[in-house]
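First up is the structure itself, then whatever we jot down about it.
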Amino acid sequence: MPFFATRGRSKANRFAEGGKETDRGCVEDQPQGVGIVHNTGKFKAWQLFVAAAAGLRHSRGPCGLFPSGPGIDTWNAIKNTGALMAEVKTADLMEKIVSLCKRRGFIFQSSEIYGGLNGFWDYGPLGAELKRNIKESWWRSMTQMRDDVVGLEATIIMHPKIWEASGHTSTFSDLMVDCLVTRKRLRADQIEPQSGIVYHYSGARSGATSNEIVQRLLNSDSPEVRAIIEETLREEKEEEKAIETMVSTLSKHPNPELSRHAPLVKQIWQSIHRSEEKFSVLLAAGKPVESARKLAKQFYRERGVDDPVLLAERSEQVQNTTRYNPENGALLTEPRPFNLMLKTYVGPVESEDNKSYLRPETAQAIFVQFKNVLEVSRQKVPFGICQMGKAFRNEINPRNFTFRSREFEQMELEFFIRPDEAIEAIYGSIAKPVGPGHPGEPQPNWGWQLWHQYWVEERFRYYESIGLPRQSLVEYWQKSDELAHYARATVDILYKFPFSKRDEKGELMGEELEGVAARSDFDLSQHQRFSGKPMTVFDEELKPAWSKLPDQKKTELSQSYYEARQRYFSKMGEPPEKADKQARADAEALGKGYYVPHVIEPSAGVDRLALALICNAYGEDQAPDEKGNMESRVVMKFHPRIAPLKVAVFPLLKNKPELVKKALEVRDLLRPEMTVFYDEAGAIGRRYRRQDEAGTPFGVTIDFDTLGEKGPELKDTVTLRHRDSMKQERVKIAELLPTLSKQIRPG
Ligand code: GAP
């Protein structure tokens, strides 16, 4: 496994991708191409995926995912009826969500009128607001509400050396295999092991041509030639051998009239088109060999062999192989790395020297600007730098709606901390975690473990604060064989998307929303090595503390620091002598107060979070219509903090100027503080329903009571309707702003 393999390709992602979805029939993922979505229908690619996953189309079922959200009974029902039913229902649910996203303008397929571009998505009016709210809430909680984190906004295209230092140029890749028949590209680690019988072929030759030879020879004027051929074919069933025998018999014939046919036979035989490429097909036990032959013939036909005659068929039993395409049994190519970075050229000349990349993550800019930020921000370690923005990855199989896209946004924090040796030197010991959960306010004697735990818990709190219930999230600790060599621990925060795989109990296992990684001092050390610029900080407290340490403690801490640095340099391929020398120098510098900071990295995706919030919000329930009859409604129960629209303002009737005037006054009162949607068209019930689907948490209706027609006590009051409970209350216009602001204010 390459040493960078876990940056961005975490194990948890694999849960997402091992699903049953298929692009077949809708997405053509050309090896070097753009992956055009061939459909003109609405979101057909997704619908086909859903249909494939469910084995069913257009079934209607109940929905809602989590107990705190809508549809609790449904959720219980899903759990109880087992994984298969659950898969059908959640696939159906996902279809509804995708369709709502399009219908209400949350998410559109990119370039839709041209057939779409696979892995790219646009956000419509509601989606754009939702994303803004997500980013604002993250930015606010990460930096504006804290003293110890500052922001950065760097460019998307950066110096290409950055990607060499980070490891992206050489190792940011997935191992890929291609189907030798359909050419579909698959991630090697996503192929489920299969067992069965493999049919091997050593090659094929064109049958049409070989029949032709026989015909031509049989048409020969000479009855002796015809006799020899007929006899040879009778005795030798293997055509290749038969031809050999004919050539030999004819060439040795004493009659020159006959022997002159020998080179002719040889020549025709040699001109037969053949392929010596080996190929094999895996069939499940019991399947007729004809299907293997059919596929093998297709394989050779594509290599220019007309009417292929398969050569040297043999079979063998195999167990748990991942060498065959699970969809058709065809042999796959050997796995080979496919770099995920999108390339471009800077300047007018498209040369290697001008090659650059669209950043595959926002984090690296933080590392390379670390010293600049440190200098200007009056921060000192421990402190963080956060950034959000676009990232690009040429994903092999973009899938699960926006979950795995080729263009997406990240929200990343690099929180720089002291190495544990420095903490120990300053405070005498390192505080140890006392148990699970939030460890409380940061303390100066925290080492990497407590800082890591702190950020994991902070991130869970954040998700809860914007409406994702804790039970919809999973805390997944990467196992030691999943961790990058420099990472000390990584927790993936997963959300139980409807398309997540299920465990044996039928529970959704979740897909990655965010990774929180303790990355040691790897990143800054890499940039120090590659740029030649120091990434060390001087720690004012460390130097005096160190000088007061007993010699034995100094030796112990120096040794521990030396070993860690030595390991790093060796892993990076430095020759032993150089690694030792550099590590000694670093250990010595530690005693003088210098070190390369370590880092904790919480790294989240905006688009995945938007999708999680949409999935979480989706619900269907019953609501009374105009006449009080119950009808079903779709309701997006977004937390008011991230809801795209906060309040809808309705005059009861649009043809009453006094109502309209008052309603516009209310709209203008609220608008400076929140997103307001003004709607005067249609029956009030229908207007409510439209806002329920958009996820607007509050509706304000201006009616005749507002105008004081029923007496002065109701004058200048409005009906405030709550989306989730559908409860209505009478509120004074003067109290509207504080009442609503309280609920939409970021936490
Ligand atoms: N700097 C670390 C890093 O980039 P990552 O796990 O590759 O780590 C962080 O990405 C987050 O970015 C993921 O948890 C996910 O939310 C988001 N992300 C990564 N690849 C994505 C993709 N192809 N489409 C949408 N979001 C993606």
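Numbering of ligands and ligand atoms starts at 1, following listing order.
A donor-acceptor pair is defined here as one N or O able to donate and one able to accept, closer than 3.5 Å; such a pair exists between the side chain of Gln379 and the backbone of Asp147.
Checked by distance only, ligand 1 and Ser405 come closer than 3.5 Å through their nitrogen or oxygen atoms. At least one N or O atom of Phe403 sits closer than 3.5 Å to an N or O atom of ligand 1. Between Thr402 and ligand 1, a contact under 3.5 Å exists for no N or O pair. Remark: ligand 1 and Pro360 share no N or O pair separated by less than 3.5 Å (distance only, no angle test). Of the polar atoms of Leu513, at least one N or O is found under 3.5 Å from an N or O of ligand 1, judged by distance alone.
A cation-pi arrangement is found for Lys131 relative to Tyr123, the charged atom lying closer than 6.0 Å to the ring centre and inside a 45° cone about the ring normal.
Residue contacts with ligand 1, taken as heavy atom pairs separated by less than 4.0 Å, involve Ala363 solely via side-chain atoms from C-beta onward. Only the side chain of Glu412 comes within 4.0 Å of ligand 1, judged by heavy-atom distances. Only the backbone of Glu514 comes within 4.0 Å of ligand 1, counting heavy atoms alone; no side-chain atom from C-beta on gets that close.
Which parts of ligand 1 touch Glu361 is read off a 4.0 Å heavy-atom cut-off, strictly below it: atoms 1 (N), 2 (C), 3 (C), 4 (O). Close contacts between ligand 1 and Glu512 involve ligand atoms 6 (O), 13 (C), 14 (O) [criterion: under 4.0 Å to a heavy atom]. Ligand 1 places these atoms under 4.0 Å from at least one heavy atom of Glu601: 1 (N), 2 (C). For ligand 1, the atoms closer than 4.0 angstrom to any heavy atom of Glu395 are 23 (N).
With a 6.0 Å radius and a threshold of 12 heavy atoms from other residues, nucleotides or ligands, Lys380 has its NZ atom at or below the threshold.
With sequence neighbours excluded, the residues that form a side-chain contact (heavy atoms from CB on, under 4.5 Å) with Asn133 are Ile642, Lys646. Residues satisfying the side-chain hydrogen bond (donor to acceptor under 3.5 Å, both in side chains) criterion with Tyr454, sequence neighbours excluded, are Arg146.
Under the 6.0 Å cut-off for aromatic ring centres, Phe408 and Trp121 do not qualify, their centroids lying 6.0 Å or more apart. With ring centers used as reference points, Phe416 lies under 6.0 Å from Phe370.
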| task | Start with the C-alpha distance between Phe401 and Phe403, add both sets of side-chain angles, then the distance that settles ring pair (Phe, Tyr, Trp, His ring centres under 6.0 Å), and finish with yes or no. | result | CA-CA 6 Å; Phe401 201 17; Phe403 180 84; over 10 Å; no
